[in-house]
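Here's the structure we're looking at; comments come further down.
So that the names make sense, note that chain A is the first sequence line, chain B the second, and so on, each numbered from 1.
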Amino acid sequence: MNPIEEIKSALRGVIISSLHKARAEQALVFEEIPPFVIEVPREKGHGDFACNVAMLMAKSARRKPREIAAIIVDHLDREGLDYLQQVEVAGAGFINIFLHPQWLYNIPRLVLQMKEAYGSAPRNGKRVQVEFVSANPTGNLHMGNARGGAIGDSLANVLHYAGYDVKREFYINDAGNQIEIFAESLEARYLQLSGQHVPFPENGYAGQDVVDTVKGILAREGDRFLNMDSAQRRQLLVAMALEEKLAYIRRTLESFGIHYDVWYSEKTLHESGQVNAVIEELRQKGYIYEKEGAQWFKTTQFGDEKDEVVIRANGLPTYFAADIAYHKEKFQRGFDWVIDVWGADHHGHVARMKGAMTALGLDPAGLDVILMQLVRLYRGGQIVRMSKRTGTTVSLDELIEEVGRDAARFSFVMRNPDSHLDFDLELAKQQSLENPVYYVQYAHARICSIFRQAQAGGIQWHPGSEVDMSVLKATEEIAILRKVAEFPMEVEISAKTLAPHRIARYALDLAGLFHSYYNHFRVLQDDLILQQARLNLMKVIQIVIANALAIIGVSAPEQM
RNA sequence: GCGCCCGUAGCUCAGUAGGAUAGAGCAACGGUUUCCUAAACCGUGGGUCAGGGGUUCGAGUCCCUUCGGGCGCACCA
């Protein structure tokens, strides 16, 4: 149920039949109707909806746009559409359509019926997987992971709302070169903390968190690893450390409001032979060759600048090889649509991955990658350097502790993933106007307060159909109803364009309309009919704000 | 050097799949409380949409180019 889309499609139908009628009467000559839009004009004076078809047809119909528009208006079947109030030709040839406000008075009933489901589309039967964060389990979660987590989780929420069957997945990089280095780092720290003078690996994980992990292991396990051979020692150390790191990652993300359906281990892809199998498949299709002892995948055939190694000269597969197997496996699991949320530093990987899918006979259009630009962290205007290796970073758990989950999530989701984000901790934690999350939450809390007041005053609220909404005649009230009507469309566009930040913007807009309204109109007042209608209006705003906040992953407090 | 992303008000950012007179918040200045929460509201000032060219009836939006910033260009992930 999408009120705006319904009206738009009705308008579209009426305009198309008007065009056909005009042609039948030889008032207009054209071959076919170009794809045109019915849109919501920015200017209120331009009507509730506007159509650009006349301008698009001008060339082929060899008439001036305004003439065509006038012909369309003349042939319009005004009886064919409810609520039609006025249609006029304007500007360069726009058809501006004004509707009777009556079309909005049914919206509250719909919202009150659907409640938390308002804005959602019927299940469409499509399965989509969103993989996000997938941080290396070798260190703390950083700001990039926080942004990816907020965006990925909200996107999953939006897609669910838009009718998809959504699964959230975390890919655990528990194999490969980084894990080797991690193991070496752990071993070095273990030996050092046991009093031995051994060098720390040049590219090792130098962060304090690794030291802490090893201290914990020493406390629990003692020095029993000292007498083992190095390979066994590393294996045991890394197994324990990974378990600890994963527990930390899971715990932190849960406290950020993120719950995964699947934690997928890279290691299992290697152990099950799927990585080797997919390389074999590519080899048989002629995409693999050997050079300097390594196995190369001809990614240049898919537009890459250079070919890519999949099996190193030492016989070990690269990350890319495992990722190919992983993505193949995703589609084997039956997902119609696979979405990855990656940091912008991985952008070079996208074309390769899609190329690999093409090579395997999979449709690369089934894969979408959201590349989010990196986060630059500030504290009171001073840049905070992020480095996983040196450990001088603010981790996600520290962010939640300092800024709070709601403010952090809202700040991340509010921004377009494409934007280079300057995140200032001081601003984000201010419970002030700098911080839009409170503005939205406050709208929700204020409405709750109105209902508490009503109850305390013995005012009965009658939700639903028996209330006459048409007493809401103020332009502010019409504007709110209209905004509320747009919510399902907003969800749909957000899902289609993979842009959850639109929901945050929408919530801000609606909260703004509410606050302004609140300061100019009284809900609880003597005119009982108006009071009931306004209570309904308030309830509707409350529901929509709560739904929007739920998508963003932010709480909707009843009191602030 | 090559590729991707970004450049919109003093600051942080929107800009609805190319539409009509480019918006919001903050900051600045001036107002609003006997009234459902002042974490709010109202008003004022503030723009060569980085520069240039092109496509189009119409460009912040698409193409080319210059400049500036970020990120990639490993037998790392």
Side-chain angles (χ1 to χ4, degrees), chain A residues 37 39-43 45-46 50 52 55-56 58-59 64-65 90-94 96 134 136 138 173 176-181 203 266 291-296 304-306 308-314 316-320 322-323 343-351 371-374 376 381 411 414-422 424 427 431-436 438-439 441-443 445-454 456-457 459 486 489-490 493 496-497 499 501-502 504-506 508-509 511-512 514-525 534 538 559-560:
Chain A
V37 295
E39 61 173 5
V40 178
R42 196 157 36 202
E43 290 290 320
H46 295 148
N52 67 347
M55 290 173 289
L56 298 175
K59 190 166 276 182
K64 290 178 181 169
F94 290 98
N96 290 345
S134 297
N136 277 333
T138 53
N173 299 120
N177 204 46
Q178 292 297 337
I179 294 298
E180 293 299 319
I181 294 169
N203 295 320
E266 178 187 352
K291 190 178 84 179
E292 294 164 4
Q295 307 288 314
W296 297 71
D304 221 348
E305 286 173 21
K306 53 183 268 311
E308 209 57 32
V309 170
V310 283
I311 309 279
R312 298 192 294 245
N314 63 10
L316 294 175
T318 61
Y319 164 86
F320 182 41
D323 223 17
D345 51 340
H346 286 63
H347 70 77
H349 194 57
V350 177
L371 291 172
M372 24 156 233
Q373 298 302 312
L374 304 180
R376 233 184 338 209
S411 301
M414 191 172 62
R415 263 75 163 220
N416 187 329
D418 272 343
S419 70
H420 301 266
L421 175 54
D422 289 341
D424 194 310
L427 292 184
Q431 305 209 348
S432 76
L433 311 174
E434 248 344 91
N435 216 337
Y438 300 114
Y439 187 77
Q441 288 183 317
Y442 184 45
R446 258 187 162 174
I447 294 171
C448 291
S449 174
I450 294 173
F451 280 93
R452 280 193 297 270
Q453 285 286 330
I459 295 167
E486 285 170 4
M489 181 185 71
E490 205 58 44
I493 296 174
K496 202 173 283 182
T497 59
H501 72 276
R502 297 183 60 114
R505 295 282 157 190
Y506 175 90
L508 278 168
D509 285 349
F514 162 75
H515 285 306
S516 179
Y517 180 75
Y518 180 90
N519 277 282
H520 292 96
F521 297 84
R522 281 202 56 89
V523 174
L524 305 178
Q525 41 124 10
R534 286 183 176 170
M538 292 302 106
Q559 258 178 333
M560 288 176 73

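Rounding to whole angstrom units, NE2 of residue H501(A) and C1' of G23(B) are separated by 14 Å. A straight line from CD of E308(A) to C1' of C73(B) spans 10 Å, rounded to a whole angstrom. In this structure, L421(A) places its CG atom 15 Å from C1' of C71(B), rounding to the nearest Å. The distance between atom CG of D422(A) and atom C1' of C13(B), rounded to the nearest whole Å, is 11 Å. E43(A) has its CD atom 11 Å from the C1' atom of A22(B), to the nearest Å. Counting to the nearest Å, the P atom of C26(B) and the OH atom of Y438(A) are 16 Å from each other. Counting to the nearest Å, the C1' atom of U16(B) and the CD atom of E486(A) are 9 Å from each other. At whole-Å resolution of the value, CG in L508(A) and C1' in U12(B) are 13 Å apart.
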Open item on the list: So if I define the base as every atom that isn't primed, P, OP1 or OP2, how would nucleotides 1-8 of chain B read as a B/S/- string at a heavy-atom cutoff under 4.0 Å?
Closed with: -SBBBS--
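Across G72(B) and G25(B), the matching P atoms stand 37 Å from one another, rounded to whole Å. U66(B) and U12(B) are spaced 28 Å apart, taking the C1' atom of each and rounding to whole Å. Here, G18(B) and A24(B) have their P atoms 24 Å apart, quoted to the whole Å.
Remark: the D509(A) side chain and the A14(B) base include no donor-acceptor N/O pair separated by less than 3.5 Å. At a cut-off of 3.5 angstrom, counting only N and O atoms as typed in the model, there is no donor on one side facing an acceptor on the other between the side-chain of D345(A) and the base of G72(B). Judged by atom type and distance alone, H349(A) does not reach the base of A77(B) through any side-chain donor-acceptor pair under 3.5 Å.
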- [ ] Mind running side chain to side chain contact (heavy atoms under 4.5 Å, CB included) on L421(A) and Q373(A) for me, showing each step along the way?
- [x] CA-CA 7 Å; L421(A) 175 54; Q373(A) 298 302 312; over 6 Å; no
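Looking at residues two or more places apart in sequence or on another chain, you find a side chain to side chain contact (heavy atoms under 4.5 Å, CB included) between K291(A) and Y289(A), W296(A). Remark: R42(A) pairs with no residue by the side chain to side chain contact (heavy atoms under 4.5 Å, CB included) rule, at least two apart or across chains. For D345(A), the salt bridge (charged side-chain N to carboxylate O under 4.0 Å, His left out) criterion is met by no residue, not counting sequence neighbours. For H349(A), the ring pair (Phe, Tyr, Trp, His ring centres under 6.0 Å) partners are Y319(A), F320(A), W342(A), not counting sequence neighbours. Partners of K496(A) under the salt bridge (charged side-chain N to carboxylate O under 4.0 Å, His left out) rule, at least two apart in sequence or in another chain, are E492(A). Applying the side chain to side chain contact (heavy atoms under 4.5 Å, CB included) test to A499(A) and every residue at least two apart in sequence or in another chain returns T497(A), H501(A), R502(A). Remark: Y506(A) pairs with F487(A) by the ring pair (Phe, Tyr, Trp, His ring centres under 6.0 Å) rule, at least two apart or across chains. For H515(A), the ring pair (Phe, Tyr, Trp, His ring centres under 6.0 Å) test picks out Y439(A), Y442(A), with sequence neighbours left out. Partners of P65(A) according to the side chain to side chain contact (heavy atoms under 4.5 Å, CB included) rule, which considers only residues two or more places apart in sequence or in another chain, are M55(A), A58(A).
Under the Watson-Crick or G-U wobble criterion, with both distances below 3.5 Å, A17(B) has no partner in any strand shown. The partner of U44(B) is A28(B), judged by Watson-Crick or G-U wobble contacts that both fall below 3.5 Å. Here C2(B) sits opposite G72(B) as a Watson-Crick or G-U wobble pair (both hydrogen-bonding atom distances under 3.5 Å). Nucleotide C67(B): paired with G7(B) (Watson-Crick or G-U wobble, both distances less than 3.5 Å). For A59(B), there is no paired nucleotide, since no Watson-Crick or G-U wobble pair has both relevant distances below 3.5 Å.
To the nearest 0.5 Å, atoms CG (N136(A)) and CG (N173(A)) are separated by 4.5 Å. Note that the OG atom of S449(A) and the CD atom of Q559(A) stand 7.5 Å from one another [nearest 0.5 Å].
Of the side-chain N and O atoms in R312(A), one or more sit less than 4.0 angstrom from OP1 or OP2 of C76(B).
Listed nucleotides: C36(B), U12(B), C75(B). Nearest to the side chain of R415(A): U12(B). The side chain of L374(A) sits closest to C71(B) out of A17(B), C71(B), A74(B). For Y518(A), taking side-chain heavy atoms from C-beta onward, the closest of the listed nucleotides C13(B), C36(B), A20(B) is C36(B).
In this structure, A351(A) reaches neither bases nor backbone, as no heavy-atom distance under 4.0 Å exists between it and the strands shown. No engagement by Q295(A) is indicated, since no non-hydrogen atom pair under 4.0 Å with the nucleic acid exists.
Under the 3.5 Å distance criterion, the side-chain polar atoms of T318(A) are left unmatched by any main-chain donor or acceptor of I311(A).
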Could you list, one pair per line, each protein nitrogen or oxygen that sits under 3.5 Å from a nitrogen or oxygen of nucleotides 54-62 of chain B, together with the distance?
{"unit_1": "C57(B)", "atom_1": "OP1", "unit_2": "K59(A)", "atom_2": "NZ", "d": "3.0"}

Collect all protein-nucleotide pairs involving nucleotides 41-44 of chain B in which both atoms are nitrogen or oxygen and the distance is under 3.5 Å.
{"unit_1": "C41(B)", "atom_1": "OP1", "unit_2": "Y439(A)", "atom_2": "OH", "d": "2.5"}
{"unit_1": "C41(B)", "atom_1": "O4'", "unit_2": "N519(A)", "atom_2": "ND2", "d": "2.9"}
{"unit_1": "C42(B)", "atom_1": "OP1", "unit_2": "S516(A)", "atom_2": "OG", "d": "2.9"}

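Map V309(A) and N52(A) each onto its nearest nucleotide of RNA chain B; the residue landing nearer the 5' end is N52(A). Comparing M560(A) and T497(A) along RNA chain B, the residue whose closest nucleotide (by nearest heavy atom) sits nearer the 5' end is T497(A).
In this structure, the aromatic ring of F94(A) is not positioned over the six-membered ring of the base of G19(B) within 5.5 Å between centres and 30° between planes.
Counting all heavy atoms, side chain and backbone alike, D304(A) lies closest to E308(A) at OD2-OE1, 4.5 Å.
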